[in-house]
Amino acid sequence: MHAAVIDWYRRHARVLPWRSADRTAWAVMVSEFMLQQTPVGRVLPVWEEWLRRWPSPADLAAEPSGEAVRAWGRLGYPRRALRLHAAAAAITERHGGRVPDDEADLLALPGVGAYTAAAIAAFAHGRRAVVLDTNIRRVFSRTLQGQALPRPSMTVAESRLARALLPADDADAAEWNVAVMELGALVCTARAPRCDDCPLAARCTWLAAGRPAADHRPPGQTWAGTTRQLRGAILAVVREATEPVDVAALLRTTTGPVDGPTAGSSGKPPVRYRRALAVLASLGHDDDRVRAALDGLAADGLVQLEDTDGVGARGRAGNGVRTVRLPD
DNA sequence: TATACGTGGAG
DNA sequence: TCTCCAAGTAT
C-alpha cells in the first residue's frame, strides 16, 4: 500500500509553493491555516501575497489584527485570520519567532487543532506525525473499511489505524501522509472518485463491493438567511472600507435603497459592495438582527465598534455605537 | 457530541 | 438553478 501510493504521488503530485524545497515552516503554517475548509485554487493567490507581505511570524505580529482580516480577503472563515495573527504573536513571544516542531507546542497555538498540529510537524519539519484530514479519512474508509464516507466525527479506531499504518521513519511518514492526502484530493474524491486512476483500486474494499452508497448524509449547511450570511455581508463591506463604516447608515440599507455606508463622493456604492449590500437589504429588515450580528463580530474580535467619542464600545451595538471598522 | 463559522466552484 | 463540498477549530 505504501509503495503504491507513494509511487503514484511522485508521479502525479501537484506542484504547490508550500511544497517547494525552499519553503519556510512559517509558509507551511500559513498554508495550513488557509487550507482549512478551503480549496487550493482559492488559497494560492492569497498565500502568495501574505508571504510576500509577512515573510515571518514577527512581521505579521507587528501589524494590527485588522490588517490580517483585510488581507484574508474572501477566503472565508475570517476568524482564521485572527487566529493566525494571534498564533504569530505567540510564536514571536514564546518561541523566539520560530514555528515550533513539537506537536504539543503547536497544539497550544490559537487556531491549531489536532490536524494542523500534525500537518505542520510533518510537512514543515519532516516529523513523524499522525495526520488525519478529511481526505486521508476518506481513503482509509473506502480502501480498508468498504465505506463510502467516514463517520462525521473522528473515531478512536480511525486514529489507531492511521498510527498503525504510519511508516517508522520520519521522512517516510511525512511523505506517506502527504501522498495519501493528495490521493484523496485528486482521485479518491468525495463526489466522483476516479477509481480507474487509483493505485489502490486492486485492493480497495469499497470498489470490490461495488461502491455502495454512504449510509449517512453529511449535515448539510444552510446558508440563505443565516447569521453567517449576514456576518459575511457586513464584513465584506467593512473589510473593503477605508474609513469606519457608519452603523446607522449600515442599518438604513436594511430598509431603504442601497446607499450610505459605502457610498463614495459619487453617491454610488463601489461595484464590489453591491452583492453584500443586496444581502443586507434582503436579510436585514430586522435591525436587531443586524445589531446582533455586529455584536457577534465584535465579540469574535473581527470588528471594532465605536461610540461618538471614538472609544471602543464594550456594550451592545446600538447603544451609542456609531461606527464599525476592522480592529487595531 | 452537536453546532456555528464564509465562500465560491463543480456537477 | 441548486445542492454538495473543500488540508478544521472552538465551544
Side-chain angles (χ1 to χ4, degrees), chain A residues 13-14 16-19 27-47 69 72-84 86-87 106-124 129-139 148-156 162 174 177-186 188-194 213-214 216-239 272 275-276 279 283 292-293 296-297 299-302:
Chain A
R14 289 167 292 184
L16 299 171
W18 45 84
R19 289 177 182 166
V28 172
M29 178 171 167
V30 172
S31 79
E32 289 303 337
F33 269 72
M34 292 183 173
L35 288 164
Q36 291 168 5
Q37 301 283 284
T38 307
V40 167
R42 245 179 321 136
V43 164
L44 242 19
V46 182
W47 180 89
V69 175
W72 197 256
R74 310 181 65 79
L75 275 187
Y77 291 148
R79 51 179 51 175
R80 290 181 293 167
L82 234 35
R83 290 172 180 155
L84 183 51
L106 289 163
L107 208 45
L109 297 172
V112 177
Y115 162 75
T116 303
I120 294 172
F123 306 146
V130 180
V131 179
L132 259 185
D133 77 319
T134 188
N135 289 303
I136 295 179
R137 293 184 65 217
R138 189 173 54 248
V139 171
L149 296 174
R151 313 306 288 267
S153 56
M154 187 123 66
T155 64
V156 180
N177 280 325
V178 73
V180 180
M181 197 179 303
E182 190 78 338
L183 184 65
L186 298 182
C188 194
T189 58
R191 199 92 70 96
R194 302 164 48 196
H216 60 86
R217 180 164 302 292
Q221 302 178 338
T222 55
W223 174 247
T226 62
T227 299
R228 273 159 79 178
Q229 188 186 23
L230 189 49
R231 285 169 57 114
I234 293 169
L235 206 49
V237 172
V238 175
R239 194 172 49 223
R272 63 182 177 280
R275 202 168 143 202
V279 167
L283 287 184
L297 288 168
D300 289 345
L302 283 165

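In what follows, chains carry the letters A, B, and so on, assigned in the order in which the sequence lines appear, proteins first and then strands, with residues in each chain numbered from 1. Just so it is clear, the model here is predicted, and its values are computed rather than measured.
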#### Entry: Sugar-phosphate, base or nothing in reach of Leu75(A), heavy atoms under 4.0 Å
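Base: the residue Leu75(A), judged by heavy atoms under 4.0 Å, touches a nucleobase.
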
### Query
How is Arg239(A) classified with respect to the nucleic acid when contacts are heavy atoms under 4.0 Å: base, sugar-phosphate, or nothing?
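Sugar-phosphate contact only - Arg239(A) comes under 4.0 Å of backbone atoms but never of a base.
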
#### Entry: Base-contact (B) and sugar-phosphate-only (S) positions in nucleotides 4-11 of chain C, heavy-atom cut-off under 4.0 Å, - elsewhere
BSBBBSS-

### Query
Residues in side-chain hydrogen bond (donor to acceptor under 3.5 Å, both in side chains) with Gln36(A), at least two apart?
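Testing Gln36(A) for side-chain hydrogen bond (donor to acceptor under 3.5 Å, both in side chains), a comparison that skips the adjacent residues, returns Thr116(A).
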
#### Entry: Counterpart residues, side-chain hydrogen bond (donor to acceptor under 3.5 Å, both in side chains), relative to Arg137(A) (two or more places apart)
Glu158(A)

### Task
Decide side chain to side chain contact (heavy atoms under 4.5 Å, CB included) for Phe33(A) and Val112(A); before the verdict, give the C-alpha distance in whole Å, the side-chain angles of both, and the deciding distance to 0.1 Å.
CA-CA 8 Å; Phe33(A) 269 72; Val112(A) 177; 3.7 Å; yes

### Task
Could you tell me the separation between the CZ atom of Phe33(A) and the P atom of dT7(B), rounded to a whole number of Å?
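Interatomic distance, CZ of Phe33(A) to P of dT7(B): 19 Å.
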
#### Entry: Separation of dC5(B) C1' from Trp223(A) CH2 (nearest whole Å)
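These atoms are roughly 9 Å apart.
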
#### Entry: Same-atom distance (P) from dA7(C) to dA2(B), integer angstrom
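So the two P atoms sit 22 Å from each other.
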
### Query
When you compare dG8(B) with dT9(C), how far apart are their P atoms, in angstrom units rounded to a whole number?
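dG8(B) and dT9(C) have their P atoms separated by 23 Å.
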
### Task
Map Ala192(A) and Arg231(A) onto DNA chain B by nearest heavy atom, then report which one ends up closer to the 5' terminus.
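Going by which nucleotide is closer to the 5' end, it is Arg231(A).
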
### Task
Map Arg80(A) and Ser153(A) onto DNA chain B by nearest heavy atom, then report which one ends up closer to the 5' terminus.
Ser153(A)

### Query
Do Glu32(A) and Tyr115(A) come close enough that some side-chain heavy atom pair is under 4.5 Å?
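Sidechains of Tyr115(A) and Glu32(A): in contact.
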
#### Entry: Step-by-step side chain to side chain contact (heavy atoms under 4.5 Å, CB included) determination, Val43(A) to Trp18(A)
CA-CA 11 Å; Val43(A) 164; Trp18(A) 45 84; 3.9 Å; yes

### Query
Taking atom types as modelled and ignoring hydrogens, do the side chains of Thr38(A) and Arg80(A) form a donor-acceptor contact shorter than 3.5 angstrom?
yes

